[in-house]
Amino acid sequence: MSRLEPPKGMEDLLPAEVSRYRYVSEAFRRVAEGAGYREIRTPIVEDLRLFVRSLGEVTDVVQKEMFTVPRNEETLALRPEGTASVVRAYLGANLDKSRPFQKFYYDGPMFRAEQPQAGRRRQFDQCGVEALGSSSPLLDAEVMAVAMRSFAGMELQNFELRVNSIGDHQDRDRFREVLREHFRPVLAERCDDCKVRFERNVFRMLDCKVAGCQPSNRAAPHFLDNLSDTSRTRFDQTLAGLDALGVDYTVDPGIVRGFDYYTHTVFEVQCPDVGARSAICGGGRYDTLIHESGGPELGATGFAIGVIPVLVALSKQTRSTPLPGDPSLDVFVAAVTDDERVRAFQVADRLRAGGVVTDVDHEQKKLKAQFKSADRQGARLVIVLGPEEVASGSFKLRDLRHGEDLELPDDEQLVATVRARLHDTTTGGDQR
RNA sequence: GUGGCUGUAGCUCAGCUGGUUAGAGCGCCGGUUUGUGGCACCGGAGGUCGGCGGUUCAAGUCCGCUCAGCCACCCCA
């Protein structure tokens, strides 16, 4: 039998790695819940049309990065992002009619058939929030503050919020023409990708990294100077909201989102420690998506954090508290001979029932090797059960931190005794 | 889809201009301790050198193809 590998761009997460994922995810959840967001879970697979409609037919994600699943007459797709599903669920439950303003968060895997690279996989976890049913400019500021506070809670360093406004659809249509007028005379000097972008998505020309494209980019008109008065005002209100919360940010006219549903505020959180693509979070307002999805004209805003890029950044940074790896054991119950194995198994179970993290040997190891296992698993205490202990109804307890031995009666006080011992950090000294 | 780099023990890697039984560190198992971990010392297991083909008396080493991974471009969290 030949061994099979996981699909390209997907990976098995061994327990220590899962701990790191949870570290990021739990920091995010604490902040989101603390701000009144509640978890929503939607299917990982959706009708393909949901994404085509909300992301835009001509986006790369829809055109070439979708994992599709044919099923009878319909075509399903593995979700490439979370917003479309949340909006669908919101409308599906008629929340737009009963309680229009809703704040959700989600945390789960997304799928895009891209070429894997640093911080980028084909299956990747995203943590995000969606605040539906309000057009308040302050809500944009709140959402950005939640993202920033999440990163602070993870003890991430060296990250920066970059904000821009792309106005409403009228502003965009107008600015699209302004940009084309600017770029048309210099199109021949632009890179091949930009020539395609000129027709398909002029805005993308603004964040082209090719050196030859920089001069005409620097001279390019700014979106912010071409916004309508009302759009400009609401952007200023959002920025004032960030100021009021003391959130640091940079207004960056180069921030452009990839999906069609964005309006007004768009933002990224960037951290250069990730690699070439430094965004660890992207988001913004989408005031027309609810309506375009068959609902009323209600505004919405949100973001998604890329868990993998965050982990890449965290692992490159030196920090006061190390990222969690494997958890450690409270107690290991060792059996001296095979005759005490069942008894050890029983004692371990009593400890577990009492909330003590406990393990026993399952490999028929000799006592010495059992101690090694205990040590490797980070056990604080080892209980030794041998013929003598069984005969006298007692057990030996060794504190691995001090190398100290105790002999105690094996009675109904076992769990309490062990727990007291675990909480006692003052006994003995570190004699290693 | 395009380009660059890398594939040698479980992991990280060394193997000079092709030359006898392919190495190290860490990890693993055992011993020094008839019932006691971490440290030290000793010993052991573990590799069809990514795969296929070619050149050669001889290939881990050279050539071709292929697969995989990583990084970068496009795009995006």
Side-chain angles (χ1 to χ4, degrees), chain A residues 2-9 11 24 28 55-56 58-65 80-83 107 109-128 147 191-194 196-197 200-201 204 207-210 256-259 267-271 274-284 302-313 329 332 334-337 339-340 363 365-390 396-405 430-432:
Chain A
S2 63
R3 296 196 185 188
L4 295 174
E5 291 174 2
K8 187 185 188 70
E11 56 202 359
V24 169
F28 160 76
L55 303 184
V58 296
T59 54
D60 273 34
V61 169
V62 165
Q63 288 193 327
K64 54 182 195 188
E65 294 173 357
E81 58 100 56
T83 305
D107 174 6
M110 308 293 164
F111 303 82
R112 292 182 202 173
E114 301 178 281
Q115 225 31 252
Q117 70 187 62
R120 203 169 79 181
R121 302 280 96 114
R122 289 183 163 192
Q123 176 177 338
F124 54 99
D125 279 29
Q126 280 191 346
C127 296
C191 66
D192 291 345
D193 287 327
C194 278
V196 177
R197 290 182 185 124
R200 218 174 83 177
N201 189 349
R204 280 275 155 205
D207 64 357
C208 182
K209 296 174 199 78
V210 176
V256 180
R257 302 272 76 218
F259 301 143
F267 67 94
E268 274 181 16
V269 180
Q270 300 180 349
C271 176
V274 180
R277 204 201 97 275
S278 58
I280 53 177
C281 172
F303 68 76
I305 291 172
V307 176
I308 300 176
V310 170
L311 286 169
V312 169
L329 225 50
F332 190 97
V336 176
T337 74
D339 293 338
E340 295 87 38
E363 297 173 283
K365 284 184 176 172
K366 290 199 281 188
L367 184 63
K368 182 180 172 126
Q370 292 182 55
F371 265 83
K372 269 192 175 174
S373 296
D375 191 56
R376 256 177 308 157
Q377 290 182 76
R380 168 82 190 279
L381 305 174
V382 176
I383 286 178
V384 183
L385 286 168
E388 296 163 23
E389 286 78 13
V390 171
K396 280 231 176 69
L397 184 73
R398 163 165 281 208
D399 190 323
L400 291 187
R401 299 234 285 233
H402 325 124
E404 186 183 2
D405 286 319
D430 191 6
Q431 295 170 2
R432 288 202 251 194

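Computed from heavy atoms alone, side chains included, the values below leave out hydrogens, waters and symmetry copies. Sequence lines set the chain letters: A, B, ... in the order given, protein chains first and strands last, and positions in each chain run from 1.
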**Q.** N/O (side chain, A:Arg197) to phosphate O (OP1/OP2, B:C75) under 4.0 Å
**A.** yes
inquiry  = Under 4.0 Å from OP1 or OP2 of B:G1: is there any side-chain N or O of A:Gln115 that close?
reply    = no
message = Would you measure the distance from the P atom in B:C62 across to the matching atom in B:G7 and give it in whole Å?
response = 11 Å
Does A:Arg121 reach a base, just sugar-phosphate, or nothing at all? Heavy atoms under 4.0 Å.
base
In this structure, CD of A:Gln115 is separated from NZ of A:Lys8 (nearest 0.5 Å) by 5.0 Å
Q.
Check this one for me: any side-chain N or O of A:Arg398 less than 4.0 Å away from OP1 or OP2 of B:G35?
A. no
Tightest non-hydrogen contact, residues A:Cys281 and A:Phe303, listed as SG-CD1, 3.6 Å
Just checking A:Lys64: base, sugar-phosphate only, or nothing, at a heavy-atom cut-off of under 4.0 Å?
base
Between A:Gln126 and A:Glu81 the two heavy atoms that sit nearest each other are OE1-CA, 4.2 Å
The nucleotide from B:G69, B:C75, B:A77 with an atom nearest the side chain of A:Phe124 is B:A77
All stems that RNA chain B takes part in, i.e. 3 or more consecutive Watson-Crick or G-U pairs with distances under 3.5 Å, are B:1-7 with B:67-73, B:10-13 with B:23-26, B:28-32 with B:40-44, B:50-54 with B:62-66
Contact class for A:Glu388 vs. all strands (heavy atom < 4.0 Å): base, sugar-phosphate, or nothing? base
Taken to the nearest whole Å, CZ/A:Arg120 to P/B:A72 is 9 Å
Taken to the nearest whole Å, CG/A:Asp193 to P/B:A72 is 17 Å
**Prompt:** Can you tell if the side chain of A:Ile308 reaches within under 4.5 Å of the side chain of A:Arg120, non-hydrogen atoms only?
**Reply:** no
By nearest-nucleotide position on RNA chain B, the 5'-leaning member of A:Glu65 and A:Leu385 is A:Leu385
Here the distance between atom C1' of B:C29 and atom CD of A:Glu363, to the nearest Å, is 11 Å
Next item on the list: Between B:G27 and B:A40, how far apart are the P atoms? Round to whole Å, please.
Entry: 9 Å
- Task: Give a yes/no on whether any side-chain N or O of A:Gln126 is located under 4.0 angstrom from OP1 or OP2 of B:A77.
- Result: no
Here the distance between atom P of B:A77 and atom CD of A:Glu114, to the nearest Å, is 9 Å
To the nearest angstrom, the CG-C1' distance between A:Asp405 and B:G35 comes to 11 Å
Between A:Gly283 and A:Val336, whichever has its closest RNA chain B nucleotide further toward 5' is A:Val336
Pick base, sugar-phosphate or nothing for A:Lys396, based on heavy-atom distances below 4.0 Å to the nucleic acid. base
Its contact letters, B for base, S for sugar-phosphate only and - for none at protein heavy atoms under 4.0 Å, make nucleotides 42-48 of chain B read -------
A:Arg401 CZ to B:U36 C1', in whole Å, measures 19 Å
Testing B:G35, B:A77, B:U32 for proximity to the side chain of A:Val384, the answer is B:G35
Quiz item: Which is true for A:Ala374 with a 4.0 Å heavy-atom rule: it touches a base, it touches only sugar-phosphate, or it touches nothing?
Solution: nothing
Rounded to the nearest 0.5 Å, the OG1 atom of A:Thr337 sits from the CG atom of A:Leu367 at a distance of 10.0 Å
Sorted by chain and number, sequence neighbours left out, salt bridge (charged side-chain N to carboxylate O under 4.0 Å, His left out) with A:Lys64 holds for A:Asp60
task: Find out whether A:Leu400 and A:Phe371 are in side-chain contact, i.e. whether some heavy atom of one side chain is under 4.5 Å from a heavy atom of the other.
output: yes
Does any part of the side chain of A:Glu65, heavy atoms only, come nearer than 4.5 Å to the side chain of A:Pro80, both counted from C-beta?
no
Any side-chain heavy atom of A:Glu11 sitting closer than 4.5 Å to one from A:Gln123? no
Separation of B:C29 atom P from A:Arg376 atom CZ, nearest Å, is 5 Å
>> Heavy atoms only, 4.0 Å cut-off, all strands: where does A:Gly119 land among base, sugar-phosphate and nothing?
In response: base
Out of B:G37, B:A77, B:G30, minimum distance to the side chain of A:Asp375 belongs to B:G37
Here the gap from A:Leu381 atom CG to A:Glu404 atom CD, rounded to the nearest 0.5 Å, amounts to 10.0 Å
- prompt: Phosphate oxygens OP1/OP2 of B:G35: is one of them under 4.0 Å from a side-chain N or O of A:Lys368?
  reply: no
Rounding to 0.5 Å, atoms CD1 (A:Ile280) and CG (A:Leu311) come to a distance of 10.5 Å
> How far does the P atom of B:C42 sit from the matching atom of B:A24, given to the nearest Å?
Replying inline: 13 Å
* How would you label the contact of A:Glu389 with the nucleic acid (heavy atoms, under 4.0 Å): base, sugar-phosphate, or nothing? -> base
Atom NZ of A:Lys365 and atom P of B:G30 are separated, to the nearest Å, by 7 Å
Of the candidates B:C74, B:U36, B:A72, the side chain of A:Asp60 sits closest to B:C74
Between B:A22 and B:G46, how far apart are the C1' atoms? Round to whole Å, please. 14 Å
